[in-house]
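Below is one structure, written out as structure tokens; comments come after it.
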Amino acid sequence: MKYIFFDFDGTISNTRDGVCDILKKTFDKYGVDVDESLYSRFIGPPLSETFEKYIGADKAYEAVKFFRELYVGEKAIYKSKLYDGVADMLKSCHDMDGIVTGVATCKKHEEADHLLEWFGVRESIEILSGLVYNVRETKTQVLQYALDKYGIDAKDCVMVGDTIYDVVGAEEVGMDCILCLWGFGDYENINNKNVVYRANTPDEVTEFVKNNYAIKAR
């Protein structure tokens, strides 16, 4: 059995518009001037890390709370869009013999669960591990939670994601990683040894999983 864990922001969904809108309002609230061209770098890692760096450790979780309230309250969460081909990728991988599909994300667990339902792809995901503040926040922690909860060996898993945070999180728990080149990553500078494939499209992920991990029909 092979467990395929997908990242959310930048892999399953383009969350740029909604996240960037609320990032700007959060930085404005705390009087912090951050170049908007940098905002895409903050999509994926825990918000607490970003706000600790730019707003300060003493205000980071207060800023996270403010961000979350606006993100949901102003319905910025619904500015997310599935990338073309992702729904088919998730369903195809889910339907393969010998494959279990999951999502491992630093998006808040409840938000990820809700959006997967809203996008109509929740049935293609068997395992979900999302961020829970002060419990699991980094990609390493959300992956480790899934491994521990379901009694899975990391060697039987592959992380599918678009940023160095996905790659390093997978590396730290002992997983290989498929790097998705359609998200928010700084791809030219990602050369970690656990990256086993670079996919230009969701269809390429599907083919790689099928050819390398799925049980072949006899």
Side-chain angles (χ1 to χ4, degrees), residues 4-24 34 36-51 64 67-68 71 76-90 93 101-109 111-116 118-119 121-122 124-125 128-131 136-143 146 158-172 175-192 194-206 208-209:
I4 311 296
F5 287 98
F6 296 91
D7 174 50
F8 195 96
D9 293 33
T11 300
I12 288 176
S13 174
N14 185 346
T15 54
R16 185 192 307 269
D17 289 349
V19 170
C20 289
D21 283 353
I22 307 304
L23 275 173
K24 185 174 189 329
V34 179
E36 292 183 38
S37 68
L38 300 177
Y39 283 10
S40 291
R41 299 182 186 181
F42 309 146
I43 304 174
L47 282 170
S48 55
E49 289 185 8
T50 297
F51 293 154
V64 167
F67 178 97
R68 291 296 175 195
Y71 189 58
I77 189 172
Y78 297 115
K79 291 185 178 181
S80 300
K81 299 176 183 178
L82 279 184
Y83 286 104
D84 290 343
V86 160
D88 289 340
M89 173 186 72
L90 298 177
C93 289
T101 51
V103 166
T105 176
C106 290
K107 180 177 283 299
K108 194 174 179 183
H109 186 96
E111 291 177 1
D113 197 19
H114 176 68
L115 284 174
L116 289 168
W118 188 65
F119 287 136
V121 297
R122 187 64 179 86
S124 295
I125 300 299
L128 172 61
S129 178
L131 177 149
R136 55 184 189 272
E137 298 190 24
T138 67
K139 184 53 62 85
T140 302
Q141 289 168 344
V142 298
L143 284 170
V158 178
M159 181 71 217
V160 181
D162 66 301
T163 71
I164 189 63
Y165 297 95
D166 301 308
V167 176
V168 171
E171 191 172 45
E172 289 182 345
M175 286 185 194
D176 286 337
C177 186
I178 295 172
L179 187 62
C180 301
L181 305 182
W182 60 81
F184 305 123
D186 182 13
Y187 306 116
E188 292 183 0
N189 294 314
I190 298 176
N191 299 296
N192 303 57
N194 67 320
V195 175
V196 294
Y197 185 64
R198 293 172 179 256
N200 292 291
T201 66
D203 284 346
E204 289 187 5
V205 173
T206 302
F208 189 83
V209 171

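No experiment lies behind these values; they were computed from the predicted model shown. Residues take their numbers from the sequence shown, with the count starting at 1.
Here the closest non-hydrogen pair linking Pro45 and Cys106 is C-CB, 4.4 Å. Of all non-hydrogen atoms in Gly169 and Thr140, the two that sit nearest each other are CA-OG1, 3.4 Å. Among all heavy-atom pairs drawn from Asp84 and Pro202, the shortest one is O-CG, 3.4 Å.
Separating the CG atom in Leu23 from the CG atom in Leu47 is a distance of 6.5 Å, to the nearest 0.5 Å. The distance from the CD1 atom of Ile164 to the OH atom of Tyr187 is 11.5 Å, given to the nearest 0.5 Å. Here Lys79 contributes atom NZ and Ile22 contributes atom CD1; the two are 7.0 Å apart, rounded to the nearest 0.5 Å. Note that CG of Asp113 is 15.0 Å distant from CH2 of Trp118, once rounded to the nearest 0.5 Å. To the nearest 0.5 angstrom, Asn14 atom CG is 6.5 Å from Asp17 atom CG.
The closest side-chain heavy-atom distance from Asn194 to Met175 is not below 4.5 Å. Looking only at side-chain heavy atoms (C-beta outward), Asn192 and Val168 come within less than 4.5 Å of each other. The shortest side-chain heavy-atom distance between Val195 and Val167 falls under the 4.5 Å cut-off. Put simply, the side chain of Asp7 does not reach to within 4.5 Å of the side chain of Tyr165, judged on heavy atoms. For the pair Lys139/Glu172, no side-chain contact is recorded, criterion being any heavy-atom separation below 4.5 Å from C-beta on. Side-chain contact between Ser80 and Asp9: absent, with no pair of heavy atoms (C-beta onward) separated by less than 4.5 Å. Looking at Met159 and Asp176, their side chains never come closer than 4.5 Å, going by heavy atoms from C-beta outward. Taking the side chain as every heavy atom from C-beta outward, Leu115 and Lys107 approach each other to under 4.5 Å.
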Please tabulate, for the side chains in residues 178-186, all donor-acceptor contacts under 3.5 angstrom to protein atoms that are two or more places apart in sequence or on a different chain.
unit_1: Trp182; atom_1: NE1; unit_2: Thr11; atom_2: O; d: 3.0
unit_1: Asp186; atom_1: OD1; unit_2: Asn189; atom_2: ND2; d: 3.3
unit_1: Asp186; atom_1: OD2; unit_2: Asn189; atom_2: ND2; d: 2.7

Between Val158 and Phe5, is a side-chain contact (heavy atoms from CB on, under 4.5 Å) present by the stated rule, with each step listed? CA-CA 6 Å; Val158 178; Phe5 287 98; over 6 Å; no
Would you please test Tyr83 and Ile12 for side-chain contact (heavy atoms from CB on, under 4.5 Å) and show each step? CA-CA 6 Å; Tyr83 286 104; Ile12 288 176; over 6 Å; no
Taking it one step at a time, do Phe119 and His114 satisfy ring pair (Phe, Tyr, Trp, His ring centres under 6.0 Å)? CA-CA 9 Å; Phe119 287 136; His114 176 68; 9.5 Å; no
Run the numbers on Thr15 and Phe8 for side-chain contact (heavy atoms from CB on, under 4.5 Å), then give the verdict. CA-CA 9 Å; Thr15 54; Phe8 195 96; 4.3 Å; yes
Passes side-chain contact (heavy atoms from CB on, under 4.5 Å), Ile43 versus Arg16? Steps please. CA-CA 7 Å; Ile43 304 174; Arg16 185 192 307 269; 4.2 Å; yes
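In summary, Arg198 and Glu204 do not engage in a salt bridge, as defined by a charged side-chain N under 4.0 Å from a carboxylate O.
Considering only residues two or more places apart in sequence or on other chains, Gln141 meets the side-chain contact (heavy atoms from CB on, under 4.5 Å) condition with Arg136, Glu137, Thr138. In this view, Thr101 and Phe6, Cys93, His94, Ile99, Ile125, Glu126 satisfy the side-chain contact (heavy atoms from CB on, under 4.5 Å) rule, not counting sequence neighbours.
The aromatic rings of Phe42 and Tyr39 are tilted relative to each other, their planes meeting at an angle between 30° and 60°.
Side chain to side chain, Asp166 and Thr163 meet the donor-acceptor criterion of an N or O pair below 3.5 Å.
In terms of modelled atom types and a separation under 3.5 Å, the side chain of Ser129 and the main chain of Ala104 share no donor-acceptor contact.
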